[in-house]
Each structure stands twice: as C-alpha cells, then as structure tokens.
Number of protein chains: 2
Amino acid sequence: MSRPTIRDVARHAGVSLKTVSRVINGEASVRDDTRERVQRAIDELDYAPDQAARNLRGATSHALGLVYDNPNPYYVISVQNGVLAACRDQDFGLQIHPCDSNAPDLADELRELVGHARLAGLVLAPPMSERMELIRYLAEHGIRFVRIISAAEDPADGYPCVYVDDRDAAYDITEHLIQLGHQRIGFLWGGAEHRSSPERFKGYESALKDYGIPLDKKLVIPGDYSFDDGFRGARRLFALREPPTAIFGSNDEIAAGVLAAAKANGIDVPYELSIAGFEDSPFSRQSWPALTTAKQATEDIARHAALRLIAELKPAGSGVIHLNRGFSPQLVIRDSTARVRTTAP
Amino acid sequence: MSRPTIRDVARHAGVSLKTVSRVINGEASVRDDTRERVQRAIDELDYAPDQAARNLRGATSHALGLVYDNPNPYYVISVQNGVLAACRDQDFGLQIHPCDSNAPDLADELRELVGHARLAGLVLAPPMSERMELIRYLAEHGIRFVRIISAAEDPADGYPCVYVDDRDAAYDITEHLIQLGHQRIGFLWGGAEHRSSPERFKGYESALKDYGIPLDKKLVIPGDYSFDDGFRGARRLFALREPPTAIFGSNDEIAAGVLAAAKANGIDVPYELSIAGFEDSPFSRQSWPALTTAKQATEDIARHAALRLIAELKPAGSGVIHLNRGFSPQLVIRDSTARVRTTAP
DNA sequence: GGTGCGCTTGACAACGTTGTCAACTTGCAC
DNA sequence: GTGCAAGTTGACAACGTTGTCAAGCGCACC
C-alpha cells in the first residue's frame with residue numbers, strides 16, 4: 001500500500017540499507033554487480049527516496065530555494081521553469097521565494113528560509129543577486145548560492161554566478177537602429193536597482209560612439225522597467241524640439257509603453273518612429289507592430305545556474321573547478337523598426 | 001551557532017519536548033500558564049520548527065503542492081502568490097508543479113509527487129481541477145486536494161473547491177456591449193479543455209437572449225486562449241458579409257490578438273470596432289487602447305483555496321463543515337469599447 | 001476514604017534516510 | 001604463506017519532530 005522504503009529495497013536486493021543508500025547517491029565504492037542488483041531492486045519496487053527524510057539526516061539536503069523580486073511574470077516563470085527542470089533532473093525539491101528586494105531585513109529573511117526549509121542553497125535572481133552586501137552576508141553565514149547577474153564579463157569576485165551580457169546585446173540593438181539610418185535614437189532607462197540597466201545603457205552608448213554619433217543627453221530618460229515609464233518617457237521625447245526617429249526601451253514593457261504613447265500621439269510606427277525593446281517577452285510578439293527586441297534564453301540560463309549550484313554542492317573536495325558561464329541575448333528583428341524616412345510620405 | 005531545536009525550547013521553558021510540540025501545533029490540552037511559558041521560550045530563542053523533521057514524522061505533513069498547466073504567466077504568478085501567502089501564513093511549505101495536462105500518466109505523476117515530497121495536499125488549478133476522472137483517482141488514492149474551477153454555482157459533488165462565476169461576468173461584459181448599442185457581437189472561444197470556455201460562452205448567450213438578440217452562429221468562432229487564435233478569429237469575423245461591430249474575446253490574450261488584427265486591417269478601435277477581453281491581465285491595461293475586461297481576484301481566490309485545504313487537513317473530526325466558496329469577476333470598462341457608430345464618420 | 005474521570009504532562013519509540021566507523025574481502029608484493 | 005593496503009560492505013546512531021501510551025494530579029461522587 002504505502003511507498004517502499006530503502007529498507008524494502010535492501011531486503012529485495014539482499015544487501016544492507018547503507019549499500020542501497022550508496023547506490024542512490026552515486027557513491028564510488030560499490031562493486032558493479034552489487035550496484036546492478038540494487039538498481040534492479042529499485043526499479044522493480046519503483047522506489048524513490050523520501051525527500052523529507054533525506055533532508056533531515058544529511059549535512060547535504062536535497063532542496064533549493066529560488067529567490068526573486070521581479071514584476072515581470074514572463075521572466076519569473078521562465079526562471080522558475082529553468083530551475084525546476086534542473087531540480088527535477090537532479091531529484092531536488094524547490095521552494096520558491098518571491099520577496100521584496102528593498103525589505104530591510106531581507107538577509108535575515110533568507111537565512112531563516114534556508115534554515116526553516118533546510119535548503120541546500122539559493123538561486124538568486126536580479127536584483128538580489130547584485131547586492132554585494134547581501135552576497136557577502138550569505139557567504140559569511142555559510143549559505144551556498146548562485147547568482148544570475150548582468151555583466152559583460154565574468155566578475156571573478158569569488159562568488160559563483162551565471163552572467164548575461166546585456167551590454168553586448170544592447171550594442172547590437174543600437175547598431176541595428178543606426179544601420180537603418182537613425183541618428184537621433186532615444187534611450188529609456190530601466191530600474192536603477194538592476195545592474196542590467198547601466199549595462200544596457202553602456203551598450204547603447206558604445207554603439208553610438210563606434211559609429212561617431214554624439215550622445216545627446218536630452219535623448220536619454222531615466223525611469224523604471226515599466227509600461228508607464230515607457231509611456232511617460234516617450235511623451236517627453238516627442239515634446240523635444242528635435243525628437244528622435246527611433247527609441248530604444250530598456251525592456252519590452254517600456255517599449256510597449258512607447259508604442260502606446262506613439263499611438264496616442266498619432267505617430268506611425270515604424271514609418272515615423274522605430275521602437276526597439278529588450279527581453280523577447282511574449283507580448284513583444286503580440287503587440288502591433290511586433291517589437292524588435294533581444295532574446296534572452298532565460299530558462300536555459302536559470303537551468304544552468306541551478307545545475308551549477310547543485311554540482312558545487314556535491315562532494316566538497318572533488319577537485320572539480322566550476323566556471324562562471326556567460327550568455328548573450330540575440331537580436332530579434334521584427335516590425336517595429338524600419339529604415340528612417342528621408343522625406344515626408 | 002546552529003538553529004535551536006524543540007529540545008532547546010523545552011529546556012529553556014522547563015517542560016518536556018512533547019509539551020512544546022503541543023504548543024506549536026495548537027493542541028488543546030495545555031494549561032494557559034504552561035502555554036505562555038513555552039511561547040515565551042519560543043520567542044526568546046527565535047525558534048521555528050524544522051519542516052523536514054516535521055514532515056517526516058507526522059501523519060500530517062506541512063507542505064502543499066500547486067499543480068498547474070497554464071500558458072498565461074500572469075495567471076500562474078497570481079495563483080502562486082495567493083497559495084504562497086496562505087502557506088506562509090500557516091507555516092506550510094509549497095512545491096510548485098507545472099505539468100502537461102494532456103500527459104497520459106498525469107495521475108501517477110501526481111501520486112508520485114505527493115509521495116516523494118510528502119505533500120499534505122494539492123491545490124489544483126484549471127484545467128486539471130476540471131478533469132473528473134483525475135479528481136476521482138486522487139480521491140480514491142487518499143490524496144487530499146482543493147480545486148479552483150469555473151462554475152456558476154457550487155458543484156456540490158462532494159469534492160472541495162473554490163469556484164469562479166465566469167458565466168455571470170461574461171454576461172456583464174456582453175450586456176455592457178449591448179447597452180452601447182451593439183447588436184452584432186462576435187465571440188471568440190477559449191480552449192475547450194477549460195471549463196471556463198463554455199461558461200463564458202453561456203454568459204454571452206444568455207445576455208443576448210435576455211436582450212432579444214438572436215444568436216448568429218457565424219459570429220461565434222472556436223479557438224484557444226491564445227493571441228494567435230484571437231488574431232485569426234478576428235480576421236474570419238472581418239471577412240463576413242456582415243461583420244460584427246463588437247468582439248468579445250474569451251480572455252485578454254485573445255482580445256489582444258483581435259486588437260492586432262484590427263490594426264493590421266486598418267480598423268479603428270473603438271470607433272469602428274469595440275473589443276472586450278477577460279481576466280484583467282496587466283497587458284489589458286497596457287495595450288492601446290486599454291481593454292475593457294473582467295477582473296478576477298485570482299490571488300485572493302488561490303489564497304482562499306489553499307487556506308480551505310489546510311483547514312480541512314487539520315483535525316479529522318473537528319466537526320467543522322467547510323463550504324465551497326464562489327467568486328465573481330467584476331466588469332472593468334476601459335477604452336476599447338464605445339457606443340456603436342450609427343453613421344460613417 | 002476510595003473510586004473514577006478528566007485534564008495535563010512526560011517518556012519513549014518511530015519516521016526514512018545518511019554519517020561514522022569498524023569489519024570483512026580481495027589482490028598483490030614479499 | 002604472510003602482511004598490508006585498497007576496495008567493499010554492514011551495524012548502528014543520529015537528524016528533529018510527532019504519535020502512543022501511561023502516569024500524575026485534582027476534583028466530584030458515592
């Protein structure tokens with residue numbers, strides 16, 4: 001009736017509990033024929049180890065936490081699915097933990113989370129992953145983690161991460177606009193608490209520089225990763241004496257806001273104004289016209305991060321060196337960007 | 001260094017382990033002064049029970065599973081946050097479990113999930129919550145659950161649920177369109193595997209009937225809860241000899257597809273065509289024009305469902321009778337619906 | 001004063017796994 | 001054949017909690 005335990009498997013295979021445990025955990029010192037016998041017993045009984053018991057006993061628990069504070073459900077779901085794929089693959093549990101990145105006692109909250117649910121480690125999404133004081137606190141308290149961060153290169157700060165080269169992708173988007181003939185390109189910033197924001201700006205800046213286009217500060221508007229700030233920012237740009245012919249919104253939501261503002265002002269996209277976003281959210285495909293953007297392999301990135309953490313967790317001194325891996329978003333050209341019109345239609 | 005255990009609390013309060021356990025679990029037979037003393041010790045030591053140990057020993061574990069298969073991240077995140085709020089409140093863990101509702105061995109998969117992670121029960125989102133054969137299977141195998149379903153009234157089938165009256169809300173939306181003067185109102189169905197689809201259709205149907213408008217089958221298009229089906233469905237409606245003056249998409253994604261199709265065909269919204277959606281997804285606010293829709297209190301609904309499940313889990317024979325609770329989405333009027341134009345502009 | 005009952009409390013085992021450590025087996029050099 | 005190291009296996013305790021059961025206490029009742 002009830003699920004089989006390791007005891008049943010041991011009896012079935014004619015070995016001790018401990019040997020079964022060794023097979024389950026892939027430990028080295030088990031003879032091949034014994035291992036096979038045990039494996040067969042496991043398969044026959046359809047045995048799966050009990051998470052709770054496993055986490056209770058071990059110095060090594062089998063559960064991760066995923067910490068995020070992101071208003072964008074598309075991003076969050078992608079990260080969840082990626083981490084979950086890794087956890088299922090490795091037979092780990094996952095405790096999701098949305099939080100407020102500005103909470104004053106976030107560090108304690110996370111420590112409590114780890115203790116309470118006996119988590120082996122945390123996957124940290126931005127912006128938590130980019131708070132160095134938090135990172136140091138966790139490290140000092142012996143909490144294992146991996147960060148998903150925005151960086152043009154490996155930060156090599158001794159703390160594990162997977163990094164996304166937003167700068168490079170933002171460069172590509174800006175370059176695409178320049179190659180369409182645009183010289184006045186507006187830039188709408190994302191939220192200051194995300195490192196991706198300055199990274200994306202740097203990409204924009206450096207593409208302009210490489211093509212000899214001076215940076216006009218009036219074309220650069222601060223804001224948040226939100227539709228509303230996109231809308232407002234766009235209206236400020238439209239009101240300029242010399243408005244831009246293209247606008248690069250730091251993410252798709254901002255770009256959607258720009259699109260709405262353009263519609264509201266009767267500006268035709270893309271013939272009077274080109275718009276580019278960032279992220280490849282589903283609605284970048286579902287707006288009209290569909291948005292040019294940069295596609296992040298978020299699910300893959302997250303899966304990688306979790307696998308990296310799990311691998312690092314395993315045997316302390318296996319001698320394996322784990323490297324931080326980088327990902328680059330890819331330019332996706334759709335219908336919201338077009339060659340700049342040279343004369344009135 | 002390490003976290004305090006129930007043993008530390010017992011020593012601190014000068015009582016036995018078991019008494020502390022009783023206080024933690026809110027059992028009745030503890031004298032008030034003892035309870036207070038223990039509670040003080042708990043507070044002073046900042047003690048929190050260990051989930052893994054708790055789940056291991058008990059017939060009653062302290063973890064729920066959330067099962068969903070929904071392409072809409074806004075919906076999923078809302079459900080997650082609602083269930084999570086309940087779990088945090090009640091000191092439960094949560095294992096999320098996205099799945100494929102069409103997988104042939106889903107029932108086994110869920111049984112394995114419950115066993116593997118020692119879950120006390122499952123919160124089932126649509127469409128899993130609406131598969132009666134799955135529901136019966138779970139019940140037969142002693143797996144506790146609560147369903148979030150679409151229904152105009154309590155199904156009273158003996159299995160616990162929280163129900164959402166999509167029919168009523170769809171009636172309101174249709175009525176709103178009729179009151180704006182629309183007589184030819186297109187309807188785009190959602191996915192057939194979701195009970196909300198026929199429910200929303202029934203609301204549409206019955207509003208038409210109440211206002212004496214004959215149902216024209218050419219105006220009713222089958223499809224899925226997706227942007228693409230909204231786009232395609234709208235184009236089929238536009239091609240009719242007598243196209244509709246308003247279109248009711250079964251959710252916001254469909255409505256966004258309709259909006260895009262209208263733009264693509266140069267049809268002005270709302271002056272030439274009114275569009276309504278359903279769900280109040282953020283992008284219903286972020287499209288241009290913003291969509292008229294029905295607002296579901298998804299997070300609240302999910303929180304309720306989880307609390308209901310947890311309450312039912314507790315003492316077997318407490319004599320409390322738990323009732324299924326219903327929720328009604330509310331009409332939200334925005335800019336995508338307008339009075340029908342009587343003459344050409 | 002003894003009996004029985006209800007309320008409160010505690011001793012102890014048990015949940016299913018892994019860590020520790022010791023014992024056994026095998027292979028190989030002497 | 002002996003000695004020794006490496007490889008393999010098992011007995012047992014332990015993780016932190018809850019379920020079971022029985023004991024202690026006070027009180028009402030005969």
Side-chain angles (χ1 to χ4, degrees), chain A residues 2-38 41-42 45 47-63 91-93 115-120 313-316, chain B residues 2-38 41-42 45 47-63 91-93 115-120 313-316:
Chain A
S2 172
R3 301 173 59 232
T5 75
I6 201 172
R7 190 170 232 104
D8 301 319
V9 177
R11 217 174 352 237
H12 198 80
V15 296
S16 75
L17 294 185
K18 185 60 205 182
T19 302
V20 179
S21 172
R22 287 197 179 94
V23 173
I24 293 167
N25 293 291
E27 288 172 35
S29 64
V30 178
R31 264 205 340 256
D32 282 350
D33 61 326
T34 313
R35 181 183 303 279
E36 265 174 44
R37 201 146 37 94
V38 171
I42 289 177
L45 295 178
Y47 164 81
D50 183 299
Q51 292 276 14
R54 233 177 168 188
N55 294 345
L56 176 56
R57 178 55 182 149
T60 52
S61 100
H62 288 247
D91 209 14
F92 268 58
H116 193 51
R118 271 185 190 259
L119 302 178
L313 245 35
K314 278 189 174 160
Chain B
S2 172
R3 302 173 58 232
T5 75
I6 202 173
R7 190 169 232 102
D8 301 319
V9 176
R11 219 176 348 243
H12 198 81
V15 296
S16 76
L17 295 185
K18 185 60 205 182
T19 302
V20 178
S21 172
R22 287 198 179 93
V23 173
I24 293 166
N25 293 291
E27 288 171 35
S29 64
V30 178
R31 262 203 344 253
D32 283 349
D33 60 326
T34 313
R35 181 182 303 278
E36 266 173 43
R37 200 145 38 94
V38 171
I42 290 175
L45 295 179
Y47 164 82
D50 183 298
Q51 292 276 13
R54 228 174 173 195
N55 294 345
L56 177 56
R57 179 56 182 145
T60 53
S61 99
H62 287 247
D91 208 14
F92 267 58
H116 193 50
R118 269 182 193 261
L119 302 179
L313 246 34
K314 280 190 172 158

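Reckoned from all heavy atoms, side chains included, excluding hydrogens, waters and symmetry mates.
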Colleague: Assess whether side chain to side chain contact (heavy atoms under 4.5 Å, CB included) is satisfied between A:Val23 and A:Val15, documenting all intermediate values.
Modeller: CA-CA 11 Å; A:Val23 173; A:Val15 296; over 6 Å; no
Colleague: Specify the closest pair of heavy atoms between B:Pro49 and B:Asp91, including all atoms of both residues, with the distance to one decimal.
Modeller: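 Where B:Pro49 meets B:Asp91 most closely, the heavy atoms are CG-OD2, 3.8 Å.
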Colleague: If we ignore hydrogens and angles and just use 3.5 Å, is the side chain of B:Arg3 paired with the main-chain N or O of B:Ala48 as donor and acceptor?
Modeller: yes
Colleague: Let me confirm one number: the CZ-CG distance from B:Arg11 to B:Leu45, rounded to the nearest 0.5 Å.
Modeller: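 Here the interatomic distance stands at 10.0 Å.
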Colleague: Checking the side chain of B:Arg37 only, and the main-chain atoms of B:Ala13 only, is there a donor and an acceptor separated by less than 3.5 Å?
Modeller: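 Pair found, side chain donor or acceptor close to backbone of B:Ala13.
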Colleague: Give the B/S/- string for nucleotides 8-17 of chain D, one per nucleotide from 5' to 3', where a protein heavy atom under 4.0 Å of the base yields B, of only the sugar-phosphate yields S, and otherwise -.
Modeller: BBBB-BBBBB
